[in-house]
Visitor: 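Take a look at this one; I'll ask things after.
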Amino acid sequence: MATGNPLLRRGLLFVLSSPSGAGKSTIARMILEADDGIGLSVSATTRPIREGEEDGKDYHFVSNSEFDELVESGAFLEWAHVFGHRYGTLKTEVVKQIEGGRDVLLDIDWQGTQQLKQVDPDIVRVFVLPPSMEELDRRLRSRGTDSDEVVAHRMNRAHIEISHWAEYDYVFINDDADKCKKLVHTVLKAERLKASRRVFLHDFVRSLLAGEAAFVREQRLG
């Protein structure tokens, strides 16, 4: 979908959070496929690479010592511990897109969202809830990749993450992935139209008023 000239507005940071299994990754993928005006920020992580993943595309896979160096050098907009590993949003990944007027989708948890809000208050925060905890448990188990112990750990963490729902600007219940994706995409398109992000309006209104003033003078002289 075309989004017009990106330089006519400021790129925005679009945060999407949810507990594991609530469908956040699916919705993010659907939006990225449907909208060429937004790109995904590739995070750095200390977790091992999984089969089918590609370094630099899915994540920037780094060692613990490399992650420490990135933290010390101030390379992250935010970072957090998640399921025994660390994840961080690299400034370079975000700035190069924002400066080009392109939106950036950030797939981060509530900890990262809190940090990011302190760095840049002009972000859009969306939280996705599961329809029920029973359904969340079913989705996690249906993956067939985690042990009962890991699923139990994810469910415990889900309670903590869901308790932060009120810190977000928009909250949706994902009982239908396609419907939820459409709602999230509607938010994205509406936020793009905010006057504060459409930087060209300042010059347009100035010229509009200048033109009106000239017209009034001509009418008086005539």
Side-chain angles (χ1 to χ4, degrees), residues 1 12-35 38-43 45-54 57-59 78-89 103-117 123-191:
M1 182 191 73
L12 61 88
L13 299 180
F14 196 77
V15 171
L16 193 59
S17 301
S18 80
S20 179
K24 171 186 58 177
S25 297
T26 298
I27 292 169
R29 185 182 68 252
M30 293 168 74
I31 289 176
L32 290 168
E33 291 174 352
D35 195 317
I38 187 167
L40 183 68
S41 172
V42 181
S43 300
T45 182
T46 58
R47 80 157 171 77
I49 190 169
R50 295 171 181 165
E51 184 178 353
E53 290 182 328
E54 183 179 335
K57 179 180 179 181
D58 297 286
Y59 287 98
E78 60 78 31
W79 68 273
H81 288 273
V82 183
F83 298 120
H85 301 290
R86 288 181 291 176
Y87 296 78
T89 300
D103 303 323
V104 179
L105 177 62
L106 299 174
D107 179 351
I108 58 179
D109 72 352
W110 64 271
Q111 301 173 79
T113 303
Q114 287 183 340
Q115 294 178 51
L116 193 61
K117 187 68 175 178
I123 63 174
V124 181
R125 300 165 297 177
V126 179
F127 195 88
V128 177
L129 291 167
S132 69
M133 298 308 286
E134 291 77 15
E135 174 61 15
L136 183 65
D137 183 82
R138 187 197 68 77
R139 291 179 184 177
L140 289 172
R141 294 183 186 281
S142 67
R143 293 175 175 178
T145 57
D146 297 326
S147 65
D148 289 345
E149 183 180 0
V150 171
V151 170
H153 180 57
R154 290 184 184 277
M155 288 298 295
N156 287 334
R157 182 176 174 83
H159 282 83
I160 298 173
E161 294 186 10
I162 290 172
S163 71
H164 290 272
W165 69 271
E167 299 169 12
Y168 287 74
D169 305 304
Y170 303 90
V171 180
F172 299 111
I173 300 171
N174 183 20
D175 53 3
D176 181 298
D178 188 62
K179 181 177 69 174
C180 192
K181 170 259 177 180
K182 290 177 181 177
L183 290 171
V184 174
H185 200 188
T186 296
V187 167
L188 171 62
K189 290 185 284 188
E191 288 286 343

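Residue numbers count from 1 along this sequence.
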Visitor: Rounded to the nearest 0.5 Å, how far apart are SG of Cys180 and CG of Asp175?
Guide: 8.0 Å
Visitor: Strictly by modelled atom types, are Thr113 and Arg125 linked by a side-chain donor-acceptor pair under 3.5 Å?
Guide: no
Visitor: Run Asp148 and Arg141 through side chain to side chain contact (heavy atoms under 4.5 Å, CB included) and show every step you take.
Guide: CA-CA 8 Å; Asp148 289 345; Arg141 294 183 186 281; 3.0 Å; yes
Visitor: Are the side chain of Ser41 and the backbone N or O of Val104 linked by a donor-acceptor pair below 3.5 Å?
Guide: no
Visitor: Residues two or more places apart in sequence or in another chain: which of them pass salt bridge (charged side-chain N to carboxylate O under 4.0 Å, His left out) with Asp176?
Guide: none
Visitor: With sequence neighbours excluded, what pairs up with Ser18 under the side-chain contact (heavy atoms from CB on, under 4.5 Å) test?
Guide: Ala22, Lys24, Val128
Visitor: Can you tell me how far the NZ atom of Lys189 sits from the CG atom of Asp103, to the nearest 0.5 Å?
Guide: 13.0 Å
Visitor: Should Arg139 and Pro131 count as side-chain neighbours, where that means a heavy-atom distance under 4.5 Å?
Guide: yes
Visitor: Determine whether Leu183 and Tyr170 make a side-chain contact, defined as any pair of heavy atoms from C-beta on separated by less than 4.5 Å.
Guide: no
Visitor: Can you name the ring pair (Phe, Tyr, Trp, His ring centres under 6.0 Å) partners of His85, sequence neighbours left out?
Guide: none
Visitor: For a side chain to side chain contact (heavy atoms under 4.5 Å, CB included) check, start with the C-alpha distance between Asp146 and His153, then their side-chain angles and the critical distance, and finish with the verdict.
Guide: CA-CA 10 Å; Asp146 297 326; His153 180 57; over 6 Å; no
Visitor: Just wondering, are more than 12 heavy atoms of other shown residues or ligands nearer than 6.0 Å to NZ in Lys182?
Guide: no
Visitor: Does any part of the side chain of Phe83, heavy atoms only, come nearer than 4.5 Å to the side chain of Val150, both counted from C-beta?
Guide: no
Visitor: Within this structure, what is the CD1-CD distance for the pair Ile108 and Gln115, rounded to the nearest 0.5 Å?
Guide: 8.5 Å
Visitor: Calculate, to the nearest 0.5 Å, the distance between atoms CZ and NZ belonging to Phe172 and Lys179 respectively.
Guide: 11.0 Å
Visitor: Just jot down the side-chain contact (heavy atoms from CB on, under 4.5 Å) partners of Leu40, sequence neighbours excluded, or say none.
Guide: Leu32, Leu105
Visitor: Apply side-chain contact (heavy atoms from CB on, under 4.5 Å) to Arg138 and list each qualifying residue two or more places apart in sequence or on a separate chain.
Guide: Glu135, Ser142
Visitor: Can you name the nearest heavy-atom pair linking Val15 to Tyr168, along with the distance?
Guide: CG1-CE2, 4.4 Å
Visitor: What residues, two or more places apart in sequence or in another chain, satisfy side-chain contact (heavy atoms from CB on, under 4.5 Å) together with Glu53?
Guide: Arg47, Ile49, Arg50, Asp58, Tyr59, Phe61
Visitor: Looking at every non-hydrogen atom in both residues, tell me the closest pair between Ile27 and Ala177 and how far apart they are.
Guide: CG1-O, 4.4 Å
Visitor: When you measure from the side chain of Thr45 to the backbone N and O of Tyr87, does any donor-acceptor pair fall under 3.5 Å?
Guide: no
Visitor: State, yes or no, whether a side-chain contact exists between Val82 and Arg157 at a heavy-atom distance under 4.5 Å.
Guide: yes
Visitor: State, with a plain yes or no, whether a side-chain heavy atom of Trp110 is found less than 4.5 Å away from one of Pro19.
Guide: no
Visitor: Side-chain contact test, heavy atoms from C-beta onward, threshold under 4.5 Å: evaluate it for Ser17 versus Glu167 and give yes or no.
Guide: no
Visitor: Do you know the tightest heavy-atom contact between Arg143 and Gly21?
Guide: NH2-N, 3.3 Å
Visitor: Please report the closest heavy-atom contact between Pro130 and Ile162, naming both atoms and the distance.
Guide: CD-CD1, 4.1 Å
Visitor: Checking the side chain of Glu78 only, and the main-chain atoms of Gln111 only, is there a donor and an acceptor separated by less than 3.5 Å?
Guide: no
Visitor: Does any N or O in the side chain of Asn156 come within less than 3.5 Å of the main-chain N or O of His159, such that one atom is a donor and the other an acceptor?
Guide: no
Visitor: Measuring from Ile38:CD1 to Leu188:CG, what's the distance to the nearest 0.5 Å?
Guide: 5.0 Å
Visitor: First locate atom CZ of Arg154, then atom CG of Leu136, and finally report the distance between them rounded to the nearest 0.5 Å.
Guide: 10.5 Å
